[in-house]
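All remarks here apply to the structure that follows.
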Amino acid sequence: MRLQKSGHVVNISTSFVSQPIGVLPASLANLTKSGLESVIRSLAIEFADEGIRFNAIAPGVVNTPMHPVENARIPEAAKPV
């Protein structure tokens, strides 16, 4: 990427890093993903002048076959203000 003066690195994170919810056990995910987001921000600044971009995508709760629908709903009391 440095040789061609362009590139894009995309990492997957979680929205719970910036918006934790008490009823969902996400401490380990927050520990690892918050470190990842910190590094991504630093790399983005470090390599901006070289045309290399760094981004983290942080999806929220996603309805997939891996998760039952009843687990995808966040109780009203747990929603961030």
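Start at 1 with the first residue, then count along the sequence.
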Hey, does [Y] have a side-chain heavy atom less than 4.5 Å from the side chain of [X]?
| X | Y | result |
| --- | --- | --- |
| I52 | R2 | yes |
| S38 | L36 | no |
| F54 | R41 | no |
| N30 | T14 | yes |
| V9 | R53 | no |

>> Regarding E37 and K33, does a basic nitrogen lie under 4.0 Å from an acidic carboxylate oxygen?
In response: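 Between K33 and E37 there is no salt bridge, as every charged N stays at least 4.0 Å from the carboxylate O atoms.
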
> Which atoms form the tightest heavy-atom contact between A56 and S13, and what is the distance?
Replying inline: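 That would be CB-CB, 4.4 Å.
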
> When rounded to the nearest 0.5 angstrom, what is the spacing between OG in S42 and CZ in F47?
Replying inline: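 Reported value, rounded in 0.5 Å steps: 11.0 Å.
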
>> Working to the nearest 0.5 angstrom, can you tell me the gap between M1 CE and H8 NE2?
In response: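 Taking CE in M1 and NE2 in H8, the distance rounds to 9.5 Å.
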
